[in-house]
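Please read all numbers here as calculations on a predicted model, not as lab measurements. In listed order, ligands and their atoms are each counted from 1.
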Amino acid sequence: MCKSLIVASEHPQEYYDEIKQRFAEERDLRLSYRPEGTAQFTSDLTGDFARYTVDPYIEEVLEREPIDDEVEVLFIGGGFSALLTAARLREVGVESIRIVERGGDVGGTWYWNRYPGVACDVIAYDYLPLLDEMGYVPTRHYAEGWEILDHCRAIARRYDLYELAVFQTTVTSTVWHEDERLWHLTTDRGDTMRARFVICANGTLSKPKLAKIAGMETFAGHSFHTSRWDYEYTGPNLENLGDKVVGIIGTGATAVQAIPNLAEHAKELYVFQRTPSSIDIKNDWETDPDWAAKLKPGWQAKRRQKAMTTPLLSQVQIDERATTSREEKIRRQENANIDYMMRIHRRIDEIVEDKETADALKPWYMFMCKRPCFHNEYLPSFNRPNVHLVDTHGEGITEIGPKGPIFHGVEYPLDLLIYATGFEVQKTGIWNQIVGDNGVELNDKYADGVRTLLGIHSNHYPNLFIMGGYQASFNFNLTDVLQSQGDHIAACIDYVRRNGHTTIDVTYDAEEWWVQEVIEHRGKTSRNAECTPGYYNFEGEFNRRQDGNYNGGFPAYIEHMRAVRDDMEHNFTFT
Ligand code: NDP
């Protein structure tokens, strides 16, 4: 990864300036192709596109009578956000907990993403939550998707979350009724549920999106999105692809994991690339049983605590930083970042035999402008004679005909076209269904910018908690953020119950303080604007300053949470 500040740059400054110039040109090229930003995608998958959201993993559509009842806590979504928080709520004695989930089981991301090769490239001992509570040690350094999904199910069983859960059910409206001090929810199954507390646990990247490509609905072959993998078509081990010509659009973190498997099994594989990912080595291994046996109770909590409290910089570095100008710090950081990215380039040259393909696979942007990837078989896949990289150099596929994608007049006939085009980011389409105590939809409240305290509470939406959303901290290990939020939410609900209150709502002032805090920290860096477009920077929509993560750092975020809870009566109103 990027070197520390005290390491001198490896090359003369002109070298770095030239590369930065190339980064800027590559970014501008992409912005010129897609000035419409996030509007280049659609997640309104209805009509012709409805089949891209159908759940291929359920055995049958469940038939059940509509539910008309009241619970204490209701989760919209059944992924890690819900599971982690529900576990904490059980610990403080909350009995009536319901998960309402669109899919056929708990698991969220890990329920939907079952593409071949799916794995998590965050270390499993950190990523999988509640390992202490569950008495579980992951089987590998980097867990595969099936193991994570199994862990989700085990948590749901351990904390009795299946009892009231409803699956294959989508919440369609969430409206606060002040007279009853309850949320009323409706669903696509005709349910009318009431809940004292509602937790939006519907994920940050949960709704599949498609690039809007002219003629895509005319494609006559088979097609699906990576989060709805059609194993009936491909075969459970992709054995049906031996006589199939397969294409995949996109080369993000999902495609990087799926492509090596497709390469191995498809007759021909066409990879339609717009921007390459950065691919580093994945140091994976099976968990050493001797190491696992020696772990003491509470090991994961200790590991987390250590990660949080270990200083990132040594005293020498801290002293040096104090005497280094801001400009110089940025310059050195950028140079170290460029050194890292050029190492990524060299690795491509070492592995990929065809020079033109190797060059096309080189990412020209700063590390972390896009989600970094770690994979040992992705780059070698391009040495296979059946794998063809169709590099669109920033332009992307803009046309699909009945036979397949068309790029610069060349048509690529396919049997199967796979969309690895990602997910709608964070809003996940539900804010227009949440109506607060003033009759205003959350979406309308957010029209001029997101407004929350800690990304969790929003004024006029009593007893509503939002997880994983905008204005929360970013951390490469998302479950750390979700766990901290789950702990906070459970503590808030516990406070309401213990003090004989019915509702909790954040004050306008506390919310305004946090909005300004988010804006201030986001303003400290021009990095978003300098990055190549992607979902990290809203595809180049740079004006949305408060609609993003809190950039003050994860430890500071946790401290703020603690401080907010230390002064509950000041930050919230209760009834
Ligand atoms: P992404 O949004 O990251 O990638 C979408 C891809 O589609 C990009 O490569 C994009 O190119 C490409 N694309 C979009 N439109 C076109 C077009 N018209 N023609 C060609 N290509 C196009 O989605 P992913 O599903 O890959 O990943 C989403 C997130 O899921 C990751 O960032 C990560 O957070 C998470 N994830 C995590 C994993 C883990 O190990 N923990 C594994 C897999 C996913 P461009 O870059 O130019 O926009």
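- Aromatic ring pairs are classed by plane angle as parallel below 30°, tilted from 30° to 60° and perpendicular above 60°; the pair Tyr57 and Trp112 is tilted.
- Salt bridge absent: Glu350 and Arg346 never bring a charged side-chain N and a carboxylate O closer than 4.0 Å.
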For ligand 1, list every N/O pair with the protein closer than 3.5 Å, one pair per line with the distance.
from, atom 1, to, atom 2, distance (Å)
ligand 1, 7 (O), Ala420, O, 3.4
ligand 1, 9 (O), Thr251, N, 3.0
ligand 1, 9 (O), Gly252, N, 3.3
ligand 1, 18 (N), Ile397, O, 3.1
ligand 1, 19 (N), Ile397, N, 2.9
ligand 1, 25 (O), Thr254, OG1, 2.6
ligand 1, 26 (O), Ala253, N, 3.1
ligand 1, 26 (O), Thr254, N, 2.9
ligand 1, 26 (O), Thr254, OG1, 3.4
ligand 1, 32 (O), Tyr535, OH, 2.8
ligand 1, 34 (O), Tyr535, OH, 3.0
ligand 1, 40 (O), Ala119, O, 3.2
ligand 1, 40 (O), Asp121, N, 2.9
ligand 1, 40 (O), Asp121, OD1, 2.9
ligand 1, 40 (O), Asp121, OD2, 3.4
ligand 1, 41 (N), Asp121, OD1, 3.4
ligand 1, 41 (N), Arg371, NH2, 2.9
ligand 1, 46 (O), Lys370, NZ, 2.7
ligand 1, 47 (O), Arg274, NE, 2.8
ligand 1, 47 (O), Thr275, OG1, 2.6
ligand 1, 48 (O), Arg274, NH2, 2.8

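- Put simply, the side chain of Tyr127 reaches to within 4.5 Å of the side chain of Phe80, judged on heavy atoms.
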For residues 400-412, which side-chain N or O atoms pair as donor and acceptor with protein atoms under 3.5 Å away, sequence neighbours left out?
from, atom 1, to, atom 2, distance (Å)
His408, NE2, Glu395, OE1, 2.9

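- A search for ring-ring contact (aromatic ring centres under 6.0 Å, His included) contacts involving Phe423 returns His225, not counting sequence neighbours.
- By the salt bridge (charged side-chain N to carboxylate O under 4.0 Å, His left out) test, Asp391 pairs with no residue at all, sequence neighbours left out.
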